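The structure appears below as structure tokens.
Computed from a predicted model, the values in this text were never measured in an experiment. Note that ligands are numbered from 1 as they come in the structure, with each ligand's atoms numbered from 1 the same way.
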Amino acid sequence: MARIALVYGTTEGQTATIAERMADVLARAGHEPTLYHAEHLPADFSLSDYEAVVVGASVHLGSHQEYVTRFVADHVDDLNRLPAAFFSVSLTAAEGSDEAWATARSLLEDFLAETGWEPDATAVVPGALKYSQYGTLKRFVMKRIAKRAGGGTDTSQNYEYTDWDEVESFAAAFGDALD
Ligand SMILES: Cc1cc2nc3c(=O)[nH]c(=O)nc-3n(C[C@H](O)[C@H](O)[C@H](O)COP(=O)(O)O)c2cc1C
């Protein structure tokens with residue numbers, strides 16, 4: 001049994017939902033996960049209270065949330081000491097081509113290079129198109145991007161591309177490695 005901090009950044013909520021699913025998997029495996037939004041960490045938050053850590057962030061306009069980058073950079077010594085995993089959520093990871101997959105991986109690798117973090121496990125995770133949460137301009141821009149990338153363009157509905165089996169397998173493998 002390990003105490004695990006799951007720290008995530010999210011803009012429209014999909015990374016939070018993914019982190020919650022990972023926490024469920026880890027709890028079912030007998031671990032003790034605690035979820036934290038990286039922008040709202042308690043003042044007394046300390047990674048020394050944990051035996052492992054998972055960090056997640058999503059990509060917007062080519063970058064992960066700045067506050068997650070800052071969290072990782074600020075805690076990089078602890079993160080490199082602890083068993084740790086990072087997952088990056090994007091629509092690029094949902095496109096399906098080898099080229100798009102390589103781009104999603106390079107966004108993840110750029111994040112790690114920028115922060116100096118070397119986690120034990122990493123994953124790119126397909127995200128979602130949440131038209132219902134976008135304002136007019138965002139909806140317009142995202143529809144154009146989705147059209148180019150072969151994603152859903154009916155703005156009266158949301159599209160979820162996350163492969164939940166993959167998410168659960170990733171969390172389960174990370175949990176197993178802690179036993
Ligand atoms: C304004 C905006 C910009 C985005 N830019 C990118 C991008 O540059 N690359 C990409 O792969 N996905 C991009 N996405 C897709 C998000 O990564 C995807 O919707 C993800 O599920 C968001 O996760 P979150 O809900 O946790 O923030 C963008 C989404 C929005 C709304």
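The pair D24-R21 fails the salt-bridge criterion, with no side-chain N (NZ, NE, NH1 or NH2) lying under 4.0 Å from an Asp/Glu carboxylate O. With respect to E32 and R3, no salt bridge is recorded, no charged nitrogen being found less than 4.0 Å from a carboxylate O.
How far CG of L6 is from CG of L26: 6.0 Å, rounded to the nearest 0.5 Å.
Members clustered with W117: V7, Y36, L41, F45, L47, Y50, V53, V55, Y67, V68, F71, V72, V76, L79, L82, F86, W101, L108, F111, L112, V124, by chain and number, using a 4.5 Å side-chain heavy-atom cutoff among hydrophobic residues.
At a heavy-atom cutoff of 4.0 Å, ligand 1 is surrounded by T10, T11, E12, G13, Q14, T15, S58, V59, H60, L61, G62, V89, S90, L91, T92, G127, A128, Y134, K138, M142.
Within the 3.5 Å criterion, the main-chain N or O of S132 finds a donor-acceptor partner in the side chain of N158.
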request  = Evaluate salt bridge (charged side-chain N to carboxylate O under 4.0 Å, His left out) for E95 paired with R148, printing each intermediate quantity in order.
outcome  = CA-CA 10 Å; E95 278 183 40; R148 215 173 41 227; over 6 Å; no
